[in-house]
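Before any comments, here is the structure.
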Amino acid sequence: MREIVSLSVTAAAGGLLYREHSARTKAERLSAATMETLLNAIDANDEETGHHVRRVASYALILGDAAGLDQHTLRSIERVALFHDIGKLHGALTDIFHENAKLTPEERRAVRTHPQRGAEVLHPLSAFYPDLASGVAAHHERWDGKGYPRGLKGKRIPLPARIVTIADSFDAITHRRRYSAARSLGEAVAAIREGRGTQFDASLVDLFLSQPVISKIGDAMRRAHGPRRTGDKRRRGERESVPDVTFRWRTRSHESPARDR
Ligand SMILES: [Fe+2]
């Protein structure tokens with residue numbers, strides 16, 4: 001009799017565990033779908049920004065990996081990187097961002113609203129991803145406190161934002177934009193070094209510029225830029241190669257798609 005009771009308790013516990021696992025897997029899938037939908041919305045509005053954020057995510061993850069950060073933090077960095085510019089998708093700002101001409105002071109002021117706008121767009125997800133909106137809001141803060149919007153200084157700037165800002169600057173320098181030609185890896189290295197301890201967290205810059213890390217970053221950059229040399233004009237109809245972002249949030253939910261339905 002005691003054995004039967006113990007067997008049924010074990011079976012009940014097993015059932016409970018299975019249901020918990022199933023519920024968690026569904027929640028992870030919903031989260032993955034939400035993130036991918038947001039990324040699709042960026043692509044649909046502004047493909048150039050969609051490509052930029054994927055490259056930034058790939059560089060940020062190389063730096064995060066090199067810093068020995070855990071998976072939870074890496075996922076958070078990836079989300080901040082992928083959605084850091086979502087605040088640019090605002091009618092008035094999209095045009096300004098793609099202007100060829102120099103910005104007027106008024107336009108510059110408008111551009112500086114995009115981190116906060118992004119945080120507002122992402123605010124409803126704060127209950128699930130508490131670091132997302134704050135990381136996006138802080139991606140133009142500077143280590144010396146001279147950034148925007150809040151003038152946060154040093155380690156008061158969330159870690160994902162400190163990592164993403166280096167990756168973002170690197171991509172802004174090395175990737176051709178409508179208003180500026182791409183510059184070389186060497187020029188980007190010099191610019192990032194120049195911002196060490198002023199614009200950027202010094203220890204993260206040291207890691208970013210260390211030989212193994214910058215060599216991985218350089219490889220990722222060349223893959224993203226495809227066979228063209230830096231500065232070349234893209235031929236008509238030629239598609240830009242986009243980093244296949246890791247989508248770390250998706251990995252587990254796609255392991256066994258049929259089982260937990
Ligand atoms: Fe930005």
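Source: prediction; values computed, not measured. Computed from heavy atoms alone, side chains included, the values below leave out hydrogens, waters and symmetry copies. Order of listing sets the numbers, starting from 1, for every ligand and every atom in it.
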Problem - Candidates R156, R162, K153 - the one meeting salt bridge (Lys or Arg N to Asp or Glu O under 4.0 Å) with D201 - result: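 The option that passes is R162.
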Practice task
Could you check whether the rings of Y148 and H114 sit parallel, tilted or perpendicular, using 30° and 60° as the cut-offs?
Solution key: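 Correct class here is perpendicular.
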Practice task
Evaluate the criterion side chain to side chain contact (heavy atoms under 4.5 Å, CB included) for residue pair L185 and M221; output intermediate values, then yes/no.
Solution key: CA-CA 9 Å; L185 179 65; M221 181 195 93; 4.3 Å; yes
Practice task
Assess D85: does it contribute an N, O or S atom lying under 2.8 Å from the Fe ion (ligand 1)?
Solution key: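 An N, O or S atom of D85 is closer than 2.8 Å to the Fe ion (ligand 1), so yes.
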Exercise for the section: Please find out if the Fe ion (ligand 1) and some N, O or S atom of H139 are separated by less than 2.8 Å. Expected result: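 It does: H139 brings an N, O or S atom closer than 2.8 Å to the Fe ion (ligand 1).
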Problem - Apex the Fe ion (ligand 1) - arms NE2 from H114 and NE2 from H140 - angle rounded to 10° - result: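 Reported to 10°, the angle equals 90°.
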Practice task
Using ring pair (Phe, Tyr, Trp, His ring centres under 6.0 Å) as the criterion, list what pairs up with F200, not counting sequence neighbours.
Solution key: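 F200 satisfies ring pair (Phe, Tyr, Trp, His ring centres under 6.0 Å) with no residue once adjacent residues are dropped.
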